[in-house]
Chemist: 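Dumping the structure here so I can ask a few things about it.
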Amino acid sequence: MADRPYTLLSCGMSIDGYLDSSGDERLMLSNDADLDRVDEVRAGCDAILVGATTVRNDNPRLLVRCPERRLHRVTRGLEPSPVKVTVTCGADLDPASRFFTTGEAEKLVYCPTPVLARARSRLGASATVVDGGPRVSMTAVATDLAARGVERLMVEGGGTIHTQFLAEDAADELQLVVAPFFVGDSRARRFVGDGPFPFRPGRPATLAEVRRIGEVVLLRYALSERFEESA
Ligand SMILES: NC(=O)c1ccc[n+]([C@@H]2O[C@H](COP(=O)([O-])OP(=O)(O)OC[C@H]3O[C@@H](n4cnc5c(N)ncnc54)[C@H](OP(=O)(O)O)[C@@H]3O)[C@@H](O)[C@H]2O)c1
């Protein structure tokens, strides 16, 4: 068994690198064809991870939408949609949010040890709350997920989470979709913050594919030697 799952970061951003607007309304950075592509990628994974702010702001279901793909998973002995995973420092998550209330598969919440009791009392009926140690690292989360049988992990943001996976060199692939507009507002969340990223001019990531999907473009980067060409 590998130390960590094959880890694929998936993200949509504006031309100027924003994940969202600064307002309350969710910014659409994708089109129907790309959403369908993302659905297929989801269907091929064992777990999907998002940060707690994404759970709070977007209230996502994180389910496989296409009935045929759901059925195909079931015929393979899997739940219709992957396990859902989030991380939190404050445990300020609503058990009534869709992350917890939708989907048959397990929900996992990683938090630092000092928050464990609070997280279990708030979320313990809706999810498995996991002790992430004094400080939760993405590498440790991924290692724990591998021990739970997760072989393919899809990370769907937000920026804080992508930053850590990249800075820890804990990802194998990046699927970056660029929408054809600017946000131009530094109050909005960028794809990544500052970090000691391993992919620098002297050690660039490998551009594995460029695919036009209507008016958006998918850039696939290989981030490790485990990169799988056919995704
Ligand atoms: N365009 C896209 O593809 C896409 C995808 C997803 C999200 N988004 C957007 O991204 C925005 C959110 O991004 P974000 O960067 O602000 O937040 P985020 O990455 O979704 O979540 C950050 C939160 O996750 C928890 N967290 C992160 N690292 C942790 C660690 N090491 N240990 C414990 N907990 C940790 C903390 O939760 P607590 O605050 O609970 O402690 C932290 O505040 C939203 O506006 C959303 O719409 C866009």
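Each ligand, and each atom within it, is numbered from 1 in the order the structure gives.
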Chemist: Under a 3.5 Å cutoff, is there a donor and acceptor pairing between the side chains of D3 and T143?
Modeler: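 Note: D3 and T143 side chains miss the donor-acceptor criterion.
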Chemist: Output yes when the distance from some N or O of ligand 1 to some N or O of E156 is under 3.5 Å, and no in every other case.
Modeler: no
Chemist: How far is atom 16 (O) of ligand 1 from its nearest protein heavy atom, and which residue and atom name does that atom have?
Modeler: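 In this structure, atom 16 (O) of ligand 1 has R189 NE, 3.2 Å as its nearest protein heavy atom.
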Chemist: Going by the atom numbers of ligand 1, which of them fall below 4.0 Å from some non-hydrogen atom of G51?
Modeler: 18 (P), 20 (O), 21 (O), 24 (O)
Chemist: Out of the candidates V55, L63, L49, V50, only one should pair with K84 under the side chain to side chain contact (heavy atoms under 4.5 Å, CB included) rule; please name it.
Modeler: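 That would be L63.
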Chemist: Using a plain distance cutoff, I'd like to know if Q164 has any nitrogen or oxygen under 3.5 Å from a nitrogen or oxygen of ligand 1.
Modeler: yes
Chemist: For L153, is there any backbone N or O sitting under 3.5 Å from a side-chain donor or acceptor partner on T7?
Modeler: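 Not confirmed, T7 side chain does not pair with L153 backbone.
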Chemist: Look at atom 41 (O) of ligand 1 and say which protein heavy atom is nearest, naming residue and atom and giving the distance to 0.1 Å.
Modeler: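 Minimum-distance protein heavy atom for atom 41 (O) of ligand 1 reads C89 N, 2.7 Å.
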Chemist: Output the list of atoms in ligand 1 that are nearer than 4.0 Å to some heavy atom of L29, sorted by atom number.
Modeler: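 So the atoms of ligand 1 that pass are 1 (N).
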Chemist: How far is atom 18 (P) of ligand 1 from its nearest protein heavy atom, and which residue and atom name does that atom have?
Modeler: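 In this structure, atom 18 (P) of ligand 1 has G158 N, 3.5 Å as its nearest protein heavy atom.
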Chemist: Any N or O of G159 that comes nearer than 3.5 Å to an N or O of ligand 1?
Modeler: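 G159 vs ligand 1: N/O contact under 3.5 Å present.
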Chemist: Does NZ or CZ of K107 lie under 6.0 Å from the centre of the six-membered ring of F100, at an angle within 45° of the ring axis?
Modeler: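 No, cation not above the ring by the 6.0 Å, 45° rule.
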Chemist: When you compare ligand 1 with T53, is there at least one nitrogen or oxygen pair between them that comes in under 3.5 angstrom?
Modeler: yes
Chemist: Indicate if L27 and V38 have the same hydrophobic cluster label, given that clusters are the connected sets of ILVMFWY residues with side-chain heavy-atom separations under 4.5 angstrom.
Modeler: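 Unlinked, L27 and V38 end up in two clusters.
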Chemist: Look only at the side chain of E168 and the backbone of T139, and say whether a donor-acceptor pair between them is shorter than 3.5 Å.
Modeler: yes
Chemist: Just distances here: any N/O of R135 and N/O of ligand 1 closer than 3.5 Å?
Modeler: no
Chemist: Give a yes/no verdict on whether any heavy atom in N57 is under 4.0 Å from an atom of ligand 1.
Modeler: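 The answer is yes, since N57 has a heavy atom less than 4.0 Å from ligand 1.
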Chemist: What verdict does the side chain to side chain donor-acceptor pair (under 3.5 Å) test give for S81 and E104, after you've listed the backbone C-alpha separation in whole Å, the side-chain angles of each residue and the deciding distance to 0.1 Å?
Modeler: CA-CA 7 Å; S81 292; E104 297 81 355; 5.6 Å; no
Chemist: Measure from NZ or CZ of R226 to the centre of the six-membered ring of Y6 and say whether it is under 6.0 Å with the direction within 45° of the ring axis.
Modeler: no
Chemist: Which ligand 1 atoms are under 4.0 Å away from a heavy-atom of C11?
Modeler: 3 (O)
Chemist: Could you identify the single nearest non-hydrogen protein atom to atom 7 (C) of ligand 1 and state the distance to 0.1 Å?
Modeler: T54 OG1, 3.2 Å
Chemist: Examine M138 against ligand 1 and note whether any of their N/O atoms are separated by less than 3.5 Å.
Modeler: no
Chemist: With distance as the sole criterion, is a donor-acceptor pair present between the side chains of Q164 and S137 under 3.5 Å?
Modeler: no
Chemist: Under a 4.0 Å threshold between the charged nitrogen and the carboxylate oxygen, would R69 count as salt-bridged to D39?
Modeler: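 Answer for the salt bridge query: yes.
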Chemist: Check whether any N or O atom of R56, backbone or side chain, sits under 3.5 Å from an N or O atom of ligand 1, and answer yes or no.
Modeler: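 Yes: some nitrogen or oxygen of R56 is under 3.5 Å from one in ligand 1.
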Chemist: Determine whether D131 and T113 satisfy the following criterion, side chain to side chain donor-acceptor pair (under 3.5 Å), listing intermediate values before the conclusion.
Modeler: CA-CA 5 Å; D131 184 352; T113 311; 2.6 Å; yes
Chemist: Looking at ligand 1, does any of its N/O atoms fall within less than 3.5 Å of an N/O of A52?
Modeler: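 A52 vs ligand 1: N/O contact under 3.5 Å present.
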Chemist: Do S21 and R187 have side-chain atoms, one donor and one acceptor, less than 3.5 Å apart?
Modeler: no
Chemist: Just to confirm my output: which protein heavy-atom neighbour is closest to atom 3 (O) of ligand 1, and how far is it?
Modeler: G12 N, 2.9 Å
Chemist: How far is atom 46 (C) of ligand 1 from its nearest protein heavy atom, and which residue and atom is that?
Modeler: D58 OD2, 3.2 Å
Chemist: For ligand 1, which is the ligand I care about here, please tell me if T88 has any N or O atom under 3.5 Å from one of the ligand's N or O atoms.
Modeler: yes
Chemist: Sub-3.5 Å donor-acceptor pair from the side chain of R118 to the main-chain atoms of G90, do we have one?
Modeler: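 Yes; judged by distance alone, with no hydrogens or angles, the pair exists.
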Chemist: Considering heavy atoms of the protein only, find what lies nearest to atom 26 (N) of ligand 1 and give residue, atom and distance to 0.1 Å.
Modeler: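 Nearest neighbour among protein heavy atoms for atom 26 (N) of ligand 1, to 0.1 Å: V87 CG2, 3.6 Å.
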Chemist: Check ligand 1 against D20 and write out every atom of the ligand that is under 4.0 Å from a heavy-atom position of the residue.
Modeler: 44 (C), 45 (O), 46 (C), 47 (O)
Chemist: Show me which atoms of ligand 1 lie under 4.0 Å from any heavy atom of V136.
Modeler: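 Near V136, the atoms of ligand 1 are 30 (C), 31 (N), 32 (N).
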Chemist: Backbone or side chain, does any N or O of L19 fall under 3.5 Å from an N or O of ligand 1?
Modeler: yes
Chemist: Decide, yes or no, whether a salt bridge links E173 with R220 under the criterion of side-chain N to carboxylate O below 4.0 Å.
Modeler: yes
